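To keep things clear, I will list the structure first and then write my remarks on it.
It should be emphasised that the depicted structure is a prediction, and the values quoted were computed from it without experimental measurement.
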Amino acid sequence: MDLRNHSTITEFILLGLSADPHIEALLFVLFLVIYLLTLMGNLVMLLVIMADSHLHTPMYFFLGSLSFLDICFSSVTLPKLLEGLLSEKKTISVEGCLAQVFFVIITGGTEAFLLSMMAYDRYAAICHPLLYGQLMNNQLCVRLVLTSWGLALLNAILIVLLAINLDFCEAQTIKHYACELPSLFPLSCSDISININILICSTLLHAFGTFLPIFISYARIISTILSISSTTGRNKAFSTCSSHLIAVILFFGSGLVRYLMPTSGSSLDLLTSVQYSVVTPMLNPLIYSLKNKEVKTALKRTLGKYYILANEQR
C-alpha cells in the first residue's frame with residue numbers, strides 16, 4: 001500500500017532529547033557509550049554462554065536469547081537517536097517511522113514474552129527440581145523462544161496495519177527521539193479513537209498474558225522458598241531469581257507507563273522510553289553477570305582459554 005495516498009507529508013521531524021547543541025554533544029557521547037556497552041555486554045554474555053558447555057542449560061539458553069534480543073532492541077532506536085544528535089535536520093520518512101514502530105513492538109513484545117518464559121523456568125527449577133530436566137527440555141525451550149517471536153510478530157503486524165491507514169496532513173513534529181505509536185497517533189488527522197482503543201487493549205492483553213505467568217510463578221517460588229528450613233538454601237534459591245526480578249521490574253514498569261498513560265510530550269514520556277529501550281538492554285548483562293557466580297566463573301574460563309590460545313599462537 002502506498003503511504004502517499006493517505007498522507008500529504010512524506011517525513012516527520014523528531015525533536016529528540018534537546019535543542020541545545022552543547023547538550024546534544026554531551027548526550028551523543030553518553031548514548032554512544034551506552035550503545036557500545038550494550039553491544040559489548042550482551043555480545044560477551046552470548047559468546048560466553050555459547051562457548052562454555054557448563055552453561056548449556058535452559059536457564060542460560062533463555063539468557064542468551066535475551067542478550068541477542070537486547071542487541072536487536074537497542075539497535076532499533078539508538079542509531080537513529082545518535083544520528084539526530086549530530087545532525088541539524090532531524091527527520092525520518094513516514095515509511096522509516098512505521099518501520100521503527102514495527103521493530104519496537106516486535107522486539108519489546110518478544111522481550112516481555114521471554115521474561116515470562118524465564119520466570120516459568122525458575123519456577124520449574126526451584127519448585128520441581130527432580131522433574132526439571134523433563135519439564136524444561138531443549139525442544140521445549142526452542143519452541144518457547146520461537147513462540148515468543150511469533151506472537152510478538154503477529155501483534156506488531158496488527159498494530160502497524162492500523163497505523164498505515166492513518167492520514168498525516170499537516171502536523172509532522174514528533175515530540176520524541178523515536179517513532180512510537182503513543183507519540184505518532186496525535187499527529188494524525190484521521191479519527192484515531194479506534195486505534196487508541198486497540199493499542200490499549202493490545203497492550204493490556206500483552207501485559208496480562210506475560211505478567212500473569214510471572215506473578216503465578218513467583219507466588220509459588222516464594223511459597224517454596226519460605227518452606228525451606230535451611231537459611232543457606234533459602235538464600236541460594238532467592239539469589240537465582242533476584243536478577244530476573246530486577247529485569248522484570250525495570251522493563252515492565254517503564255513499558256506499561258509509556259503505552260498506557262496518555263502522551264503528553266513531557267520529559268516523562270522520554271524517560272520511560274529511555275528506560276525500557278536504552279537503559280534496560282544495557283543493564284541486563286550487568287545484572288545477570290554480577291549476581292551470578294556461574295556466569296563469572298564461565299567468563300574466567302573462557303578468557304583463560306583465549307589467553308592460552310593467544311600465547312600458543314605466539
Side-chain angles (χ1 to χ4, degrees), residues 1-4 6-7 9-18 24 27-28 31-32 34-35 38-39 42 68-87 89-112 149 151-168 171-188 190 192 195-196 198-199 202-203 206 251 254-260 263 265 269-282:
M1 184 179 294
D2 189 354
L3 295 176
R4 288 177 177 80
H6 295 271
S7 302
I9 62 172
T10 58
E11 61 183 17
F12 295 110
I13 299 172
L14 296 170
L15 287 186
L17 298 174
S18 174
E24 283 187 322
L27 288 175
F28 175 82
F31 284 101
L32 179 61
I34 289 176
Y35 188 43
T38 301
L39 294 179
N42 284 290
F68 172 75
L69 182 60
D70 281 336
I71 292 172
C72 298
F73 196 9
S74 62
S75 297
V76 173
T77 56
L78 266 175
K80 188 62 181 178
L81 170 60
L82 293 171
E83 178 191 339
L85 291 171
L86 285 181
S87 61
K89 188 180 180 182
K90 308 175 189 301
T91 59
I92 184 171
S93 66
V94 174
E95 294 88 346
C97 189
L98 292 175
Q100 194 174 63
V101 167
F102 174 81
F103 286 111
V104 165
I105 294 175
I106 189 174
T107 51
T110 303
E111 181 141 348
W149 280 97
L151 291 174
L153 174 62
L154 290 176
N155 184 50
I157 291 173
L158 170 65
I159 297 300
V160 172
L161 284 177
L162 293 172
I164 284 177
N165 290 319
L166 295 177
D167 294 324
F168 299 100
Q172 61 180 137
T173 302
I174 300 176
K175 297 179 180 179
H176 208 272
Y177 64 86
C179 288
E180 293 184 343
L181 284 182
S183 298
L184 194 61
F185 279 161
L187 302 184
S188 176
S190 304
I192 60 170
N195 301 72
I196 291 177
I198 291 177
L199 178 62
S202 173
T203 302
H206 205 93
F251 180 79
S254 55
L256 289 177
V257 169
R258 176 67 177 127
Y259 277 84
L260 293 180
T263 299
D269 294 339
L270 297 173
L271 288 174
T272 51
S273 292
V274 168
Q275 171 62 59
Y276 74 79
S277 66
V278 176
V279 177
T280 299
M282 178 191 67

Hey, what do you get for [atom1] ([X]) to [atom2] ([Y]), rounding to the nearest 0.5 Å?
X	Y	atom1	atom2	value
Leu81	Leu32	CG	CG	10.5 Å
Leu27	Leu82	CG	CG	10.0 Å
Thr107	Trp149	OG1	CH2	7.0 Å
Lys80	Ser87	NZ	OG	7.0 Å

Assess the residue pair Leu85 and Tyr177 against the criterion (side chain to side chain contact (heavy atoms under 4.5 Å, CB included)); give the C-alpha distance rounded to whole Å, side-chain angles, the decisive distance to 0.1 Å, and a yes or no. CA-CA 9 Å; Leu85 291 171; Tyr177 64 86; over 6 Å; no
Should [X] and [Y] count as side-chain neighbours, where that means a heavy-atom distance under 4.5 Å?
X	Y	answer
Leu78	Ser277	no
Phe102	Ile157	yes
Thr110	Phe73	no

Is there a donor-acceptor contact under 3.5 Å from the side chain of [X] to the main chain of [Y]?
X	Y	result
Lys90	Gly84	yes
Asn155	Leu151	no
Gln100	Val76	yes
Ser74	Ile71	yes
Ser202	Ile198	no

Phe28 CZ: over 12 foreign heavy atoms closer than 6.0 Å: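 Yes, the 6.0 Å shell around CZ holds more than 12 heavy atoms from other groups.
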Got a sec: does the CZ of Phe185 have more than 12 other heavy atoms crowding it under 6.0 Å?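 Atom CZ in Phe185 is crowded, with more than 12 foreign heavy atoms closer than 6.0 Å.
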Results of ring-ring contact (aromatic ring centres under 6.0 Å, His included) for His176 - residues two or more places apart only: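 By the ring-ring contact (aromatic ring centres under 6.0 Å, His included) rule, His176 matches no residue at all.
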Students often mix this up, so state it plainly: with edges at 30° and 60°, are the rings of Phe251 and Tyr276 parallel, tilted or perpendicular?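 It falls in the perpendicular class, over 60°.
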